[in-house]
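Values below: every heavy atom of this structure, side chains too, minus hydrogens, waters and symmetry copies. Here is how names work: the chains are called A, B, and so on, in the same order as the sequence lines, proteins then strands, and each is numbered from 1.
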2 protein chains.
Amino acid sequence: MSVTRERIMELAEELILTKGYNAFSYQDISSELGIKNAAIHYYFPSKANLGTSIVKNNFLRFEEMIENMDIRKFDEVKQLESFLRVYVKSAREQKICVIGSLGPDFNTLPEASQKELQKMTNRIIDWLTKLLETGRYNGVFAFKGDAHNRALLVLSTMIASLQMARVLDKQAFKDIHQSLIDDLIA
Amino acid sequence: MSVTRERIMELAEELILTKGYNAFSYQDISSELGIKNAAIHYYFPSKANLGTSIVKNNFLRFEEMIENMDIRKFDEVKQLESFLRVYVKSAREQKICVIGSLGPDFNTLPEASQKELQKMTNRIIDWLTKLLETGRYNGVFAFKGDAHNRALLVLSTMIASLQMARVLDKQAFKDIHQSLIDDLIA
DNA sequence: TTGCATACTTACTAATTAGTAAGTATATTT
DNA sequence: AAATATACTTACTAATTAGTAAGTATGCAA
């Protein structure tokens, strides 16, 4: 893989997570990387293509994360903690998450990006649902109601807590994050 | 107040809640209302001004809502339900909320809009905190931990549930909304 | 009836946007 | 050595953006 291509993707993702899809431009990337606009088009013919690539890449990283956790046979609490750590890292870096950034812009996204974002979100919800269900069965989680609804609640909470931290302050993320864990751990 | 001014504000708010701040343009408004671009500039000299006006207007509507509830002496559950009804209505209309739309775009907003959004968010959190605290004291709410943290959690949940409904489907909002209430009502 | 404020339109600008076509340097393969 | 593929740059376009300055129609007040 080309190093330039990777630097473009890395920066584009950062721009999406800090400025949003509709606020970042090819110029933002080219000026920062010291390359020309057309160089980005060489690797990513359209902004739609670049955006979709970033969602796909994010999806891939999630799949890799849960694969590694399966192998090491982490218990449910550890798996949840690993999942939540991704958001803790984002909060530290003043970023929000991909779903929280592209979700509000959903109606303006190219169809391929929309589809990929939906696929990833469903995949995360499915994984979380199973994790919560199993964890409750094993007595490490305690919560009322359907595990699927709880999974939606957990993901929603993490998405919004990063956004709240942006509007208010970092403490907001920590507070929400702690409340979530308090509610869930048996 | 001018009727044109009001129609601009109404449409601009809708555009922010459906397309986002950085994706909507003065053209979107002028073409829809059958007026010229410059007519919008007559009422709102800059996009910064228009954006800030919309946040202020939203803030005002929240203040009016909680004022009306105080007068009628609604109990805490009714007050929470009234508050949540705003989000239920948004979900029906395929909209997200102002904080959920402008929050992710925060870094790209003009300073006046940022300040106003912060003020409004803090005001909502303060109101929710007191409501939850009083409601728990009166035995109608049941939750663990600090009321302020719980207020952050409630607001976060509503913000993100609208976004999740956009990415997934309306059922996602209903599920999250129900989980939230189940958790809170004693 | 003159003057002034309100509510716009006309006509424009400068900047930025994504995107393209054609050229070029370098490395690799044949 | 020649041909080809890779990784770009140069130079451009058409569309869209927020914003402005000057003009105009209408109503109302002095």
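With distances taken from any side-chain atom of B:A39 to the nucleotides D:dC8, C:dT9, C:dA7, the minimum falls on C:dT9. Considering only the side chain of B:Y43, C:dA7 comes nearest among D:dT6, C:dA7, D:dT10. Side-chain atoms of B:Y42 lie closest to C:dT6 of the nucleotides D:dT9, D:dT6, C:dT6.
Here D:dT6 presents its P atom at 14 Å from CZ of A:R5, a figure rounded to the nearest Å. Atom CD1 of B:I35 is separated from atom P of C:dC8 by 7 Å (rounded to the nearest Å). Across the protein-nucleic acid pair, A:I8 atom CD1 and D:dA7 atom C1' stand 11 Å apart, rounded to whole Å.
For the pair B:L128/B:L80, a side-chain contact is recorded, criterion being any heavy-atom separation below 4.5 Å from C-beta on.
Contact check, B:T4 against C:dA7: no side-chain N or O comes under 4.0 Å of OP1 or OP2.
Here B:E81 does not pair with B:R85 in a salt bridge; the nearest charged N to carboxylate O distance is not below 4.0 Å. The existence of a salt bridge linking B:D183 and B:K144 is excluded, since no basic side-chain nitrogen approaches an acidic carboxylate oxygen closer than 4.0 Å. Salt-bridge annotation for A:K119 and A:E116: present, with a side-chain N of the basic residue lying under 4.0 Å from a carboxylate O of the acidic one.
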Query - Under 4.0 Å protein heavy-atom contacts per nucleotide of nucleotides 14-28 of chain D, with B for base, S for backbone only and - for none - result: ---BSBBB-------
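Not one N or O on the side chain of B:N22 forms a donor-acceptor pair closer than 3.5 Å with the backbone of A:N22.
In A:Y137, the OH atom is not crowded: 12 or fewer heavy atoms of neighbouring residues, nucleotides or ligands sit closer than 6.0 Å.
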